[in-house]
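Just so it is clear: chains get the letters A, B, ... in the order the sequence lines come, proteins before strands, and each one is counted from 1. Quick caveat, the model's predicted, so the values are computed rather than measured. Reckoned from all heavy atoms, side chains included, excluding hydrogens, waters and symmetry mates.
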Amino acid sequence: MQELGKQQKMVIGMVGLPARGKTYISRKICRYLNWMGFKSKVFNIGNYRRQICGTDCNSNFFDPGNKDASKARDECALLALNDMINYLRNEGDVSLYDGTNTTKQRRKLIMETLQQKFSEVQVFWVESICNDEDVILRNIQLTKLNNPDYVGKSSDEATQDFQQRIEQYAKVYEPIDMDENISFIKIIDIGNDIMIYNIQGFLQSKLVSYLMNLHIYPRPIYLSRHGESQYNVVHKVGGDSDLTQTGLMYAKQLGKYFVQELEGSRNIKMFTSTMQRALRTSNEVCELLGVEYYSLKALDEINPGICDGLTYQQIADKFPQDYEERKMNKLTYRYPRGESYLDVISRVEQIIFEIERSRLPVIVIAHQAILRCLYAYFHEHEVPEIPKLNIPLHQVIKLVPAAYYCKETRIKIDPMTGHWEIQDEATIKKVKSFLDL
Amino acid sequence: MQQYKKTQYKLILVLVGLPARGKTHISYKLNRYLNWIGYKSEIFSIKGAQQNDAQLDQNIDYELEIDPGNQQFAEVRQHLSSTAAQQLVTFLQSDGDIALYNGLTSTKADRQKLKSFFKETLKLEYQTFWIESICDDPQVILNNINESKLSRFKDKTIEQFMNHINVLAQHYESLENTENLSYIKLINIGKLVKVHMLEGYLCSKIVSFLLNLHANNRQIYLVRSCQTEYHLLDKIGGDPELSAAGKQNSQQLGDYFIEELKGNKNITLFTSQMKRGIQTAEIVGEKLGIKALKTKNLDEIDYGICDGLTVKEIAAKYPKQIKERKANPLEFKYPRGESFLDVIHRVEPIIYEIERSRDPVLIIAHVAVLKCLYAYYHCNQISEIPNIDIPINCVIKLVPIPYHCLESRVNIK
């Protein structure tokens with residue numbers, strides 16, 4: 001189905017005053033598109049401006065009356081546009097133009113330049129509007145103060161200067177109008193109001209559905225595999241086997257972990273697959289927590305087709321050609337009568353929507369290939385890396401989405417003793433994540 | 001354990017809009033979609049309440065007409081609207097999941113009244129979502145009136161309809177944020193869409209669905225992949241290639257479409273990732289000069305442990321499963337395989353693509369998958385799915401029009 005979206009290249013233009021979440025949104029869209037198989041890249045105008053005009057630009061640089069600065073900023077915008085077009089001409093499918101683009105004149109300039117230089121491209125605009133002062137201040141504190149523009153300045157100085165910068169932009173801000181005859185989505189007050197105009201095509205439809213689900217509640221996401229299963233012990237692939245004793249003990253310990261971690265709260269959303277090993281694990285956890293889970297076929301383990309029930313050695317003996325093919329190209333290789341990792345990504349997309357939409361903590365108890373795909377989405381891993389990601393048994397991965405990335409903690413739970421070993425981010429980065437399944 | 005489809009609360013979808021704005025059409029489509037994905041959903045409307053009331057004159061459009069002489073029509077309208085709301089509550093209090101309401105909702109006062117009514121009478125957790133259809137394109141309004149006339153009020157003139165609508169328009173109040181209601185406004189068949197306070201799994205799904213609707217009456221063709229060896233051996237499932245006869249039939253299929261589509265290249269051709277689907281689609285695609293889009297969503301139902309066996313072998317080996325399937329053919333899941341419900345869920349993204357497409361769509365797939373797709377357009381109950389007839393070498397042409405779906409079948413031989 002991705003082919004439907006690849007029939008035309010696309011440029012997504014961001015619009016909005018500073019500190020309205022444009023970079024946040026564009027990076028999320030970029031992460032989602034790359035995960036889905038559309039090669040995407042964000043071109044941040046601020047970075048171009050910093051490269052060309054330096055980082056010592058206080059709010060006066062952004063005064064619309066400052067002719068020299070305006071000229072410089074226009075040049076930066078066009079440079080970024082050129083790079084964007086080159087990207088699309090070569091390997092890119094989607095370019096994201098992350099800038100304020102707050103005047104009709106600027107948007108017209110971009111549309112006309114694109115018409116001229118790359119007329120086959122589809123253009124879609126995403127405008128973020130926010131009038132909540134608290135949210136804006138929070139955005140400034142979270143993302144602007146670490147900005148290269150404010151190195152060496154106190155946080156009060158920086159906040160004040162940034163607010164003045166916003167005022168310069170506000171002087172000439174023209175929200176997108178239907179008269180401009182462009183396709184757009186306006187996200188107002190973090191999605192409380194949404195306006196969609198003239199969307200066309202598979203990809204724009206998908207993006208709109210995606211964007212409607214986003215919010216900024218910092219809720220944690222817990223990923224865990226089922227406890228050790230009988231097939232795990234004999235290294236067989238696939239099947240619908242039950243948990244071993246050890247696996248069952250892990251399930252109970254996992255429940256205890258969550259009871260403590262969630263401090264007795266029942267306000268969570270839990271998802272699992274329809275396979276025995278996951279259901280049994282989830283049952284144990286839910287009993288201790290006092291919640292119910294959602295059992296979805298979409299979370300079932302990757303289907304190994306004709307190799308179901310065989311060990312890797314048996315696969316190598318019986319189907320040597322397939323074994324080699326898989327080793328060479330684990331991402332796209334499809335088990336005969338089964339699935340590939342790409343099929344799993346497609347299948348698991350609806351879960352990503354559900355996790356994004358949830359404002360409550362989310363727990364997913366599933367399987368290795370599934371969790372590799374989900375984990376890769378949150379961590380912005382390159383898609384070819386997915387089949388090699390390290391997701392061992394008896395470990396909980398806790399992800400807390402922060403401004404532009406995800407904070408990760410891993411908790412190893414010993415099924416016998418119930419002892420926890422917490423690995424924070426620094427330790428995780430040291431451990432190599434290559435594992436041959 | 002809880003299947004994700006069932007939500008913990010009931011849902012009321014309230015339609016708002018002047019007549020001839022497509023409210024009935026939207027409610028029919030939504031209702032059909034929601035039933036198809038497994039919810040018990042029903043429409044409660046003034047029209048419906050009128051049809052169920054034998055004492056009323058069925059030739060008067062109580063929803064629309066103004067009787068300048070007396071208040072009678074307005075009173076009847078009010079009464080029918082309340083009856084519909086009452087029936088809605090009864091439905092949700094029992095086993096209904098989702099109710100669509102098409103009654104008096106044109107003013108803020110009406111809406112607050114309705115909101116209070118539900119609050120007072122519904123004794124369980126529920127969510128309300130308001131769907132407004134706005135249109136200022138005179139051609140679209142005219143089309144809608146013509147369609148209404150065709151279906152019910154043949155002896156009324158267009159002028160009469162327009163007059164009634166204009167009177168109602170004077171008191172009409174569009175949804176506003178101050179009313180504190182969660183809503184979607186569809187303006188000019190979705191060219192402009194506004195969403196306010198969207199919340200919840202179901203409402204998100206409904207919004208995504210509504211964004212794809214349009215008014216183009218385009219054709220949808222459903223065809224099975226052609227004959228394979230498995231057909232000859234009476235085996236089910238598998239991933240066999242086309243037989244010689246199958247290849248020939250594919251050629252004939254291609255020829256049929258060349259004539260049928262009259263050189264139109266703006267069609268989308270979908271097929272599965274199974275060999276027989278791909279081979280059939282490639283032959284047809286070559287004839288038409290278009291490329292087939294292959295998606296695993298259209299793969300045949302997974303027969304699990306029964307895959308590759310003949311019908312006789314299954315009867316001998318798995319008599320228990322045969323009994324189970326007979327008892328409940330819709331929900332029966334082949335061990336290590338799928339049920340029809342799983343297939344519906346798998347095929348849902350294709351429905352979105354068909355809805356979104358304004359050009360003809362051609363789908364080359366397999367029996368169980370096509371039954372599910374066909375049911376979306378034709379069946380009121382998904383329990384009918386296992387009995388649908390989808391013969392091989394037969395092109396099923398569906399043209400969805402407001403309130404119905406036209407169907408014709410052509411045997412290719």
Side-chain angles (χ1 to χ4, degrees), chain A residues 1-4 7 178 185-186 188 191-202 204-206 208-210 212-213 238-240 269-272 274 279 282-283 286 292-298 300 303 305-306 308 334 336-337 339-340 342-343 346-347 349-351 353-354 357-359, chain B residues 1-6 8 177 184-187 190-201 203-205 207-209 211-212 237-239 268 270 273-274 291-299 302 304 307-308 333 335-336 338-339 341-342 345-346 348-350 352-353 355-358:
Chain A
M1 292 263 273
Q2 317 305 46
E3 294 155 56
L4 271 174
Q7 283 161 349
M178 289 188 287
I185 177 172
K186 279 190 202 237
I188 302 159
N192 195 43
D193 274 284
I194 298 174
M195 194 165 139
I196 303 157
Y197 183 71
N198 201 22
I199 47 160
Q200 301 185 345
F202 172 76
Q204 286 183 21
S205 288
K206 263 204 151 344
V208 163
S209 290
Y210 178 69
M212 287 195 310
N213 286 313
D240 191 13
K269 265 204 145 85
M270 189 158 130
F271 298 102
T272 190
T274 62
L279 286 173
S282 304
N283 271 322
C286 283
E292 280 184 34
Y293 55 75
Y294 295 108
S295 162
L296 306 171
K297 210 171 185 335
D300 279 4
N303 185 345
I306 57 175
D308 186 272
R334 184 181 282 144
R337 307 300 315 286
E339 291 178 302
S340 65
L342 290 181
D343 295 325
S346 175
R347 193 168 28 99
E349 189 196 342
Q350 51 180 290
I351 312 295
F353 272 57
E354 283 315 302
R357 213 168 51 73
S358 176
R359 290 162 195 236
Chain B
M1 174 162 104
Q2 195 176 12
Q3 272 304 313
Y4 199 47
K5 298 290 182 198
K6 293 294 174 193
Q8 282 140 336
N177 286 5
I184 178 172
K185 283 193 197 199
L186 298 157
I187 299 150
K191 178 128 194 197
L192 173 64
V193 177
K194 294 188 183 179
V195 182
H196 180 66
M197 284 179 12
L198 179 66
E199 224 190 292
Y201 166 72
C203 288
S204 290
K205 238 173 146 37
V207 168
S208 289
F209 179 73
L211 287 177
N212 286 314
D239 193 15
T268 320
F270 286 105
Q273 291 274 14
M274 309 197 104
K291 211 177 138 215
L293 294 168
K294 309 179 197 102
T295 166
K296 224 169 173 345
N297 297 55
L298 286 172
D299 276 9
D302 187 348
D307 185 88
K333 191 193 283 254
R336 304 296 315 284
E338 291 177 306
S339 66
L341 296 181
D342 293 322
H345 188 68
R346 181 157 55 81
E348 199 186 335
I350 308 294
Y352 273 66
E353 280 317 299
E355 287 292 358
R356 208 174 52 74
S357 174
R358 288 160 197 248

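Between chain B and the options A:S358, A:S346, A:G201, the largest number of non-hydrogen pairs under 4.5 Å is found for A:G201. Comparing A:I188, A:N303, A:N198 by heavy-atom pairs within less than 4.5 Å of chain B, the highest count is held by A:N198. Residue with the most contacts toward chain B among A:R359, A:R334, A:Q350, A:E339: A:R334 (heavy-atom pairs, distance under 4.5 Å). Counting heavy-atom pairs closer than 4.5 Å to chain B, the top residue among A:M195, A:K186, A:M178 is A:M195. Annotation: maximal heavy-atom pairing with chain A below 4.5 Å, among B:I350, B:D342, B:L198, occurs at B:D342. Options A:K206, A:R347, A:M212 differ in how many heavy-atom pairs under 4.5 Å they form with chain B, and the most are formed by A:M212. Annotation: maximal heavy-atom pairing with chain A below 4.5 Å, among B:S208, B:G238, B:G190, B:S357, occurs at B:G238. For the options B:K294, B:Q273, B:K185, heavy-atom pairs under 4.5 Å to chain A are most numerous at B:Q273.
The parts of A:F202 that come within reach of chain B are both its backbone and its side chain, each placing non-hydrogen atoms under 4.5 angstrom from that chain. Proximity to chain A is limited to the side chain of B:F270, based on heavy atoms less than 4.5 angstrom apart. With a 4.5 Å cut-off on non-hydrogen atoms, A:S209 touches chain B through its backbone and its side chain both. Within the 4.5 angstrom heavy-atom criterion, only side-chain atoms of B:D307, from C-beta onward, approach chain A. Interface residue B:K296: only side-chain heavy atoms are found under 4.5 Å from chain A.
Contact check for A:M270 versus A:Y294: no side-chain heavy atoms found under the 4.5 Å cut-off. A:I199 has its side chain out of reach of A:I185: every pair of non-hydrogen atoms, C-beta onward, lies at least 4.5 Å apart.
How far CG of B:L341 is from NZ of B:K333: 8.5 Å, rounded to the nearest 0.5 Å. One distance of note links OG1 of A:T272 with CG of A:N283; it measures 9.0 Å at 0.5 Å rounding. Here the CG atom belonging to A:L279 is positioned 8.0 Å from the CG atom belonging to A:D240, to the nearest 0.5 angstrom.
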Q: Report the C-alpha distance between B:K194 and A:D193 in whole Å, list the side-chain angles of each, state the deciding distance to 0.1 Å, and finish with yes or no for side chain to side chain contact (heavy atoms under 4.5 Å, CB included).
A: CA-CA 7 Å; B:K194 294 188 183 179; A:D193 274 284; over 6 Å; no
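Using a cutoff of 4.0 Å between basic side-chain nitrogens and carboxylate oxygens, B:E338 and B:R346 are scored as salt-bridged. Using a 4.0 Å cut-off between charged side-chain N and carboxylate O, A:K269 and A:E354 make no salt bridge.
Residues A:N213 and A:R357 share a closest heavy-atom pair of OD1-CD, 2.8 Å.
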